[in-house]
Number of protein chains: 2
Amino acid sequence: MAKLTSDLIRGHTDTMVLKLLQERDMYGYELVKEIYKRSNKEYELKEVTLYASLRRLVSEQCVEAYWGDETRGGRRKYYSITKVGLDLYDEKRSDWDYSKKILDKLL
Amino acid sequence: MAKLTSDLIRGHTDTMVLKLLQERDMYGYELVKEIYKRSNKEYELKEVTLYASLRRLVSEQCVEAYWGDETRGGRRKYYSITKVGLDLYDEKRSDWDYSKKILDKLL
DNA sequence: CAAGGTATTATATCTGATATAGTACTTTTT
DNA sequence: AAAAAGTACTATATCAGATATAATACCTTG
């Protein structure tokens, strides 16, 4: 049975996050659940990995964070993609299409 | 312009090596050159990375090494895939097909 | 009020890839 | 024949992303 190990996902976390934030602002836990859902429950992004990715993206000005004013479900920090982040997403998405072609030749 | 960064290859080096050794025994430098050629000169596997991969595969009994008797081009160490290595290749190859599908949904 | 769900952060460790450097032998060029 | 370029492999230190583990804290449901 084929598996989806973290080795095969490594390096794609930021791209997955940017893709979702391109659609709408989301908070951390929501991103984790959405990724699980969209992968048809095949991939569970670890929370620590997600938050590490978000901190990285914020430090690179690809994403901005702001606190929401919810009173239910705990206080949520929302993440919003920036212009820099949109550009980075396009680039990473092209890189993926490209690397898929090369890897299909090599594997 | 799309790029093939090491981040996107990471985790696939062992698989590329196993694929080539499945076809025939090869020595290190030959593997580097063959991968460059088959990628249409798009991917240059670093020698240090290759030799690290080979050491890993040998320690896992996926590959066996033996010295050739060449007198030209330096003394060559040949690598040969084992039954364990053949099984690992099949597994990793399935994992790649599978992860491609999932990643296409998520990226 | 306990259990479970939601939400985020800190710290240490692991692994694969890389930079850098070194050794050593062979072939080609001048 | 010496220099340059190519072939072949190894050692050491460092880096980045992912993970384990754990801690904190608030809210909802039974």
Side-chain angles (χ1 to χ4, degrees), chain A residues 3-18 25-37 43-60 62-63 65-79 88 92 95 99 103 106, chain B residues 3-18 25-37 43-60 62-63 65-79 88 92 95 99 103 106:
Chain A
K3 297 162 300 185
L4 196 62
T5 64
S6 59
D7 295 12
L8 297 171
I9 298 297
R10 195 193 162 102
H12 296 295
T13 304
D14 293 3
T15 315
M16 297 183 330
V17 170
L18 290 172
D25 292 2
M26 294 176 91
Y27 53 95
Y29 203 79
E30 192 180 12
L31 284 160
V32 168
K33 296 302 166 197
E34 189 66 23
I35 284 166
Y36 182 61
K37 195 175 127 195
Y43 180 55
E44 277 186 79
L45 178 62
K46 302 291 179 302
E47 293 183 30
V48 275
T49 306
L50 186 263
Y51 287 113
S53 167
L54 285 170
R55 267 177 255 132
R56 200 158 48 232
L57 290 168
V58 167
S59 81
E60 291 166 355
C62 291
V63 161
Y66 60 91
W67 285 103
D69 52 6
E70 288 81 8
T71 47
R72 6 190 305 162
R75 197 138 155 268
R76 290 161 174 170
K77 195 190 267 187
Y78 281 83
Y79 297 92
L88 183 63
K92 285 192 172 255
D95 290 349
S99 62
L103 281 169
L106 294 175
Chain B
K3 297 162 300 184
L4 195 60
T5 63
S6 57
D7 295 12
L8 298 170
I9 297 297
R10 194 191 163 105
H12 296 296
T13 303
D14 294 2
T15 315
M16 298 183 326
V17 170
L18 290 172
D25 291 4
M26 293 176 91
Y27 53 94
Y29 203 79
E30 193 180 11
L31 284 160
V32 168
K33 296 302 165 197
E34 189 66 23
I35 283 167
Y36 182 61
K37 196 175 127 197
Y43 180 57
E44 277 187 78
L45 178 62
K46 303 291 179 302
E47 293 186 32
V48 274
T49 306
L50 186 262
Y51 287 113
S53 166
L54 285 170
R55 266 176 256 130
R56 201 158 45 231
L57 290 167
V58 167
S59 81
E60 292 166 354
C62 291
V63 161
Y66 60 91
W67 286 103
D69 53 6
E70 287 81 9
T71 48
R72 7 188 308 162
R75 196 137 155 269
R76 291 164 174 167
K77 194 191 267 190
Y78 281 83
Y79 297 91
L88 183 63
K92 285 192 172 258
D95 290 348
S99 63
L103 280 169
L106 293 174

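Convention: sequence-line order gives letters A, B, ...; per-chain numbering from 1.
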Spacing of [X] atom [atom1] relative to [N] atom [atom2], expressed in whole Å:
{"X": "A/Lys46", "N": "C/dA10", "atom1": "NZ", "atom2": "P", "value": "21 Å"}
{"X": "A/Arg55", "N": "D/dT19", "atom1": "CZ", "atom2": "C1'", "value": "13 Å"}
{"X": "B/Leu31", "N": "D/dT7", "atom1": "CG", "atom2": "P", "value": "14 Å"}
{"X": "B/Tyr51", "N": "D/dA11", "atom1": "OH", "atom2": "P", "value": "13 Å"}
{"X": "B/Leu50", "N": "C/dG16", "atom1": "CG", "atom2": "P", "value": "15 Å"}
{"X": "A/Leu8", "N": "C/dG16", "atom1": "CG", "atom2": "P", "value": "12 Å"}
{"X": "A/Leu57", "N": "D/dA18", "atom1": "CG", "atom2": "P", "value": "11 Å"}
{"X": "B/Glu47", "N": "C/dA24", "atom1": "CD", "atom2": "C1'", "value": "14 Å"}

The residue, A/Lys77 or B/Ala52, whose nearest nucleotide of DNA chain C is more 5′ is A/Lys77

If you assign each of B/Arg10 and A/Lys33 to its closest nucleotide in DNA chain C, which residue comes earlier from the 5' end?
A/Lys33

Any non-hydrogen side-chain atom of B/Leu54 less than 4.5 Å from a side-chain atom of B/Lys77?
no

The side chain of [X] is closest to which nucleotide in this list: [options]?
{"X": "B/Ser6", "options": "C/dA19, C/dT9, C/dA17", "result": "C/dA17"}
{"X": "A/Thr13", "options": "D/dG6, D/dA18, C/dT18", "result": "D/dA18"}
{"X": "B/Trp67", "options": "C/dT8, D/dC9, D/dT19", "result": "D/dC9"}
{"X": "A/Tyr29", "options": "C/dT9, C/dT6, D/dT7", "result": "C/dT6"}
{"X": "B/Tyr27", "options": "C/dA19, D/dC9, C/dA10", "result": "D/dC9"}

Any idea how B/Tyr78 and B/Tyr66 line up, ring-wise: parallel (<30°), tilted (30 to 60°), or perpendicular (>60°)?
parallel

Using a 4.0 Å heavy-atom cut-off, does [X] contact any base of the nucleic acid, only the sugar-phosphate backbone, or nothing at all?
{"X": "A/Thr49", "answer": "base"}
{"X": "B/Arg56", "answer": "sugar-phosphate"}
{"X": "A/Ser53", "answer": "nothing"}

Shortest non-hydrogen pair, A/Lys92 vs A/Gly11, comes out as NZ-O, 4.3 Å

Spell out, as yes or no, whether a donor-acceptor pair under 3.5 Å connects the side chain of B/Ser99 to the backbone of B/Asp95.
yes

Evaluation steps, side chain to side chain contact (heavy atoms under 4.5 Å, CB included), between A/His12 and B/Leu106:
CA-CA 9 Å; A/His12 296 295; B/Leu106 293 174; over 6 Å; no

Would you mind telling me which residue lines up with the more 5' stretch of DNA chain D, A/Glu44 or B/Gly28, judged by nearest nucleotide?
B/Gly28

